[in-house]
Number of protein chains: 2
Amino acid sequence: MKRNTVQRQIILEAIRKLNSHPTVDEVYEEVHKLHPSISKVTVYRDLYQLADNHDIQRVILPGELARYDTRLDHHYHFKCKVCGAIFDINADDVADEAAMDKKVEQKYGFKVDKHDVTFLGICPDCQKKLST
Amino acid sequence: MKRNTVQRQIILEAIRKLNSHPTVDEVYEEVHKLHPSISKVTVYRDLYQLADNHDIQRVILPGELARYDTRLDHHYHFKCKVCGAIFDINADDVADEAAMDKKVEQKYGFKVDKHDVTFLGICPDCQKKLST
DNA sequence: ATTTATGCAAACTATTTGCATTGCC
DNA sequence: GGCAATGCAAATAGTTTGCATAAAT
């Protein structure tokens with residue numbers, strides 16, 4: 001049976017406060033500020049368990065460290081190659097997810113569970129900074 | 001200036017022979033069979049340099065080890081969750097790449113270089129094996 | 001002759017695991 | 001009281017780096 005520990009509550013609050021795809025280290029730093037006795041292993045383990053429990057979502061982008069997301073629905077991501085920030089993209093804004101999966105099934109014979117999309121480019125802020 | 005070493009030729013032949021998204025280790029194993037004196041560091045370094053030189057392509061899928069591909073054009077990937085194999089998907093078969101990038105630029109203000117797509121599911125072979 | 005490439009060992013980074021102790025339920 | 005969770009240290013996995021030697025140009 002899962003137990004409701006102080007640490008897990010603090011870690012959950014921290015990621016909710018950070019609120020945008022933090023890495024384990026970033027969550028740990030945030031937690032560490034106010035609760036220096038909580039160890040990084042616990043952050044690793046609790047984030048993993050919270051994701052397992054669907055309180056948060058584990059986000060793995062190509063070539064990136066593990067990140068965790070308070071948003072629970074399936075969506076795409078954009079990574080800014082300048083500042084490194086990760087942004088959410090609503091799949092609906094960009095493509096017909098179901099149609100893509102169906103085409104892969106029909107043309108290749110694969111059974112498709114899902115697909116992940118990662119855009120790479122420059123975010124508005126960095127565009128602005130670069131153009132001045 | 002780049003030098004044409006025996007090792008690099010052997011490594012290039014090995015990945016061409018393997019021919020489907022091998023990991024560094026898989027290339028090393030292949031090389032090692034016939035040329036046990038070639039070290040793994042050299043495989044790491046040469047694969048990296050060959051990719052730099054556009055002789056091969058580096059493929060990084062979410063949560064996966066680095067892989068290398070003899071195919072040089074941009075395309076999508078499918079990963080079988082049962083056997084772990086990686087398959088190529090032609091972007092054209094599945095989506096309008098340029099249109100997707102354009103929508104992200106228009107709706108979010110990002111400047112998009114490219115996007116990567118990874119499908120997850122079960123390949124035909126594994127479907128067959130599972131259904132029997 | 002010069003200077004890149006190789007091979008070894010060691011370093012490094014992110015993450016996981018073993019184990020004794022702590023503390024929820 | 002029992003068993004999950006914690007924290008420490010150590011292990012692991014993949015990859016990179018420093019350095020002396022070898023070999024391609």
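Letters go in sequence order (proteins before strands), and every chain restarts at 1. Computation of the quantities below employed the complete heavy-atom set of this structure, encompassing side-chain atoms and omitting hydrogens, waters and symmetry-equivalent molecules. Quick caveat: nothing in here was measured; it's all calculated off a predicted structure.
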Round to a whole Å and report the spacing from CG of B:Asn53 to P of C:dT4. 15 Å

Check: A:Phe110 ring centroid to B:Phe87 ring centroid under 6.0 Å: yes

Hey, any chance B:Val94 and B:Val59 share a hydrophobic cluster, counting ILVMFWY side chains that come within less than 4.5 Å of each other, even indirectly? no

Kindly assign one of parallel, tilted or perpendicular to the pair B:His74 and B:His115, based on the angle between their ring planes and the thresholds 30° and 60°. perpendicular

Pick out which of B:His75, B:Gln57, B:Arg58 makes a side-chain hydrogen bond (donor to acceptor under 3.5 Å, both in side chains) with B:Asp69. B:His75

Readout for nucleotides 16-25 of chain C: B = base within 4.0 Å of protein heavy atom, S = sugar-phosphate only, - = neither; 5' to 3' it is BBB----BBS

How many whole angstroms separate atom CG of B:Leu65 from atom P of C:dT15? 13 Å

Just by distance, with hydrogens left out, do B:Asp92 and B:Asn90 show a side-chain donor and acceptor under 3.5 Å apart? no

Check: B:Glu30 side chain, B:Ile11 main-chain N or O, donor-acceptor pair, under 3.5 Å: no

Between the two ends of the helix from C:dA1-D:dT25 to C:dC25-D:dG1, what is the bend in degrees, rounded to 10 degrees, where each end axis spans five pairs? 30°

Going by the rule side chain to side chain donor-acceptor pair (under 3.5 Å), which residues pair with B:Lys79 if we only count those two or more places apart in sequence or in a different chain? B:Glu64

Residues at least two apart in sequence or cross-chain that pass salt bridge (charged side-chain N to carboxylate O under 4.0 Å, His left out) with B:Lys81, listed by chain then number, are A:Asp113

Just the rounded figure in Å: distance from P of D:dT15 to CZ of B:Arg67. 10 Å

Side chains of B:Tyr68 and B:Thr23, heavy atoms from C-beta outward: is any pair under 4.5 Å? no

Report the C-alpha separation of A:Lys114 and A:Asp101 in whole Å, then their side-chain angles, then the decisive distance to 0.1 Å, and conclude whether the salt bridge (Lys or Arg N to Asp or Glu O under 4.0 Å) test is met. CA-CA 7 Å; A:Lys114 66 155 191 172; A:Asp101 290 348; over 6 Å; no

Strictly below 4.0 Å, heavy-atom distances to any atom of DNA chain D: list the hits from residues 11-37 of chain B, or just say none. none

Can you tell me the distance, in whole Å, between the CD1 atom of B:Ile38 and the P atom of D:dA22? 17 Å

Does A:Ser39 place a side-chain N or O at less than 4.0 Å from the phosphate oxygens OP1/OP2 of D:dT6? no

Rounded off to whole Å, could you give me the CG-to-P distance for the B:Asp46 and D:dA24 pair? 13 Å

Sorted by chain and residue number, the side chain to side chain donor-acceptor pair (under 3.5 Å) partners of B:Lys103 (sequence neighbours excluded) come out as none

Using whole Å, report how far CG of B:Leu47 lies from C1' of C:dT6. 15 Å

